[in-house]
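Notes follow once the structure below has been shown.
All of these numbers come straight from a predicted model, not from anything done at the bench.
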Amino acid sequence: MRVVSQKVGAWIARLGWVWVDGQVAQISRRPGASTVFLTLRDPSADLSLTVTTNRDVLDAGAPELREGARVVLHAKPEFYAARGTLSLRADEIRQVGLGELLARLEKLKKLLAAEGLFDRARKRRLPFLPGRIGLITGRASAAERDVLTNAQRRWPAVEFRTVNVAVQGPGAVPQIVDALKVLDADPAVDVIVIARGGGGIEDLLPFSDEALCRAVFACRTPVVSAIGHETDAPLVDYVADVRASTPTDAAKRIVPDLAEELRLIRQARQRVERAVRNLVDREAHRLDGLRSRPVLARPQVMVEQRAADVTALRQRAGRTLHHRLGAAQDELRHTLARLRALSPAATLERGYAIVQRADGHVVRAAGEVGSGDALRVRLAEGELAATVDG
C-alpha cells in the first residue's frame with residue numbers, strides 16, 4: 001500500500017498548477033495560525049476537496065470570503081500518502097463577483113440555447129388533471145405551502161408526492177437532480193414542480209446550474225419551474241416545459257379550478273338545453289305547419305279525390321270499351337252481310353241450283369255431261385239426285 005501511495009503521490013506531484021472554480025462549503029481560520037483551510041465543493045456534483053492556503057493569500061484575494069461564495073483559485077494538487085487523500089494548495093484566490101457570475105450565466109444560456117434545450121417545439125403540454133404531482137422544494141418552505149395550499153383549494157382531491165431538498169448552497173444541485181430522477185421514475189407522477197421562493201442572484205444560482213438544466217431536459221415527465229418571483233429568470237425556467245412566475249402561479253397551472261370547471265359545466269348544460277329546446281320548438285312549428293295543410297287537416301280528401309279519379313277512369317274505360325264493342329259489332333254485321341251477299345247459299349236462296357257430277361265437278365255447260373250420267377242438284381234447302389235423260 002505504501003508503495004502504491006507513493007507512486008500515486010509522485011504522479012500527482014508532476015501535475016502542474018491549475019485554475020479551479022467552485023463553491024466554498026466551509027472556511028476554517030484558526031486564531032494565530034497562518035494557514036487557512038477551505039472546503040471547496042463542485043456546485044453540480046457531490047464532490048469536495050480540501051484547499052490549504054496562506055492567510056495573506058486569502059486576505060489579498062478574498063478578504064470578505066464567506067461560506068457559499070463562488071471562488072476561482074490557482075492551486076496545485078497534492079496527495080498525502082499517509083492518509084490517501086487529495087487536496088489543493090492555493091497561491092491565489094479570487095472571489096467571483098456578481099458581474100462575472102452573470103457573464104458566465106449568459107454564456108451558458110447561449111450554449112444551452114444552441115443545443116436546443118430551450119426549443120419551444122419540444123415543450124410538452126401539461127395534463128388537464130394530473131393523477132399525482134411531484135413537488136421538489138425546501139422543507140417547510142413558503143413555496144411548498146403556497147403550492148400545496150393553492151392547488152388543494154382549486155382541486156381538493158389533488159395528490160402530491162413531495163421531495164424536500166436544499167434549495168441553495170453547495171448541496172442543492174445534487175439533491176434536486178436526485179429528486180428529479182426519483183419522481184421521473186415514478187409512473188404515478190404526471191407532472192413535476194420545482195418550487196422555491198424569492199432570493200438574490202446568488203441564492204438562485206443552483207437553478208441556473210448546467211447539470212440541473214440538462215437533468216430537467218432529460219425528464220420524460222413534464223416539468224414546471226416556479227423559482228423566485230416573476231422578475232427572476234434562472235436558466236431552468238427556459239428548459240422547463242412550463243414556467244410559472246411564482247409558486248402560487250404554478251398551483252394555478254397544474255390543476256384546474258373546481259369551481260370554474262363546475263361553472264363551465266353548468267354553462268355547457270344550459271347551452272345544450274337551449275339548443276334542444278330550440279330544436280324541439282322549431283320541429284314543433286314545422287309539424288304544425290304541415291298539419292295545417294289541407295291534405296293533413298282533412299286526410300280523407302286525398303282518398304276521396306283518388307276514389308273519384310278511379311271512378312272517372314273506370315267510367316271512361318267502360319264507355320271506351322262499349323264504344324269499341326259497338327263499332328266492332330257493326331263492322332261484324334257489315335262483314336256478315338257482305339259474306340252472305342257473296343255466299344253461294346245466298347244465290348241458292350234466290351232460286352238457283354248447283355249441278356254437280358258424281359265426282360263433285362260442278363257442271364257449267366250441257367256438253368259436260370252425257371246421257372245417263374248421274375247428277376246431284378244442290379238447292380237452297382236440300383239436294384236432288386237426277387239422271388241425264390237427253
Side-chain angles (χ1 to χ4, degrees), residues 1-105 107-108 138-139 141 164-178 196 199-212:
M1 290 292 292
R2 183 176 62 182
V3 175
V4 174
S5 296
Q6 290 175 349
K7 288 183 177 294
V8 171
W11 183 82
I12 292 177
R14 289 198 297 271
L15 296 176
W17 292 79
V18 293
W19 287 99
V20 180
D21 178 13
Q23 189 172 24
V24 178
Q26 185 177 0
I27 304 176
S28 178
R29 295 186 180 93
R30 297 176 181 176
S34 60
T35 302
V36 178
F37 296 92
L38 305 176
T39 300
L40 193 66
R41 191 179 188 91
D42 189 327
S44 304
D46 191 9
L47 177 66
S48 61
L49 282 175
T50 300
V51 180
T52 59
T53 186
N54 191 278
R55 183 183 292 272
D56 294 337
V57 172
L58 183 62
D59 292 341
E64 303 296 330
L65 187 64
R66 296 180 180 179
E67 294 177 356
R70 294 287 291 271
V71 295
V72 176
L73 52 87
H74 188 248
K76 189 176 189 305
E78 293 182 343
F79 183 76
Y80 292 91
R83 292 179 293 177
T85 58
L86 178 67
S87 64
L88 298 173
R89 177 166 52 87
D91 65 352
E92 184 178 352
I93 297 177
R94 294 203 304 263
Q95 185 171 351
V96 178
L98 180 59
E100 187 174 354
L101 280 175
L102 294 177
R104 291 187 181 186
L105 291 180
K107 183 178 180 180
L108 178 59
R139 185 180 302 277
S141 62
N164 294 119
V165 297
V167 292
Q168 67 183 59
V173 174
Q175 292 184 32
I176 297 173
V177 171
D178 290 342
R196 187 202 189 283
I201 296 178
E202 294 84 354
D203 297 331
L204 301 181
L205 277 179
F207 300 97
S208 294
D209 187 86
E210 181 178 359
L212 177 58

| task | Measure the shortest side-chain to side-chain distance between Leu212 and Pro206 over non-hydrogen atoms and say whether it is less than 4.5 angstrom. | result | no
| Looking only at heavy atoms, which two atoms of Arg196 and Leu204 are closest? And how far apart? | CD-CD2, 3.6 Å
| task | Go through the steps for Thr85 and Thr50 under the test side-chain contact (heavy atoms from CB on, under 4.5 Å), then give the verdict. | result | CA-CA 9 Å; Thr85 58; Thr50 300; over 6 Å; no
| message | I'd like to know if the side chain of Arg41 and the backbone of Ala25 have a donor-acceptor N/O pair within less than 3.5 Å. | response | no
| query | Got Leu73 and Leu40 here, is their nearest side-chain heavy-atom distance under 4.5 Å? | reply | yes
| task | List in chain and number order the residues that pass side chain to side chain donor-acceptor pair (under 3.5 Å) with Asp91, two or more places apart in sequence or in another chain; answer none if no residue qualifies. | result | His74
| task | Report yes if some heavy atom in the side chain of Val71 is under 4.5 Å from a heavy atom in the side chain of Leu38; otherwise report no. | result | no
| query | Excluding sequence neighbours, so at least two apart, what forms side-chain contact (heavy atoms from CB on, under 4.5 Å) with Arg139? | reply | Asn164
| message | Tell me which one of Asp178, Val165, Leu205, Asp209 satisfies side-chain contact (heavy atoms from CB on, under 4.5 Å) with Val173. | response | Asp209
| Nearest atoms (heavy-atom pairs only) where Ser48 meets Thr39 | CB-CG2, 4.1 Å
| remark: In this structure, CG of Asp21 is separated from CZ of Arg94 (nearest 0.5 Å) by 10.5 Å
| task | May I ask you to test the Gln26-Phe37 pair for a side-chain heavy-atom distance under 4.5 Å? | result | no
| Validation row: Trp17, Arg89 side chains within 4.5 angstrom (heavy atoms) | yes
| Are Leu58 and Arg29 side-chain neighbours, meaning at least one heavy-atom pair lies under 4.5 Å? | yes
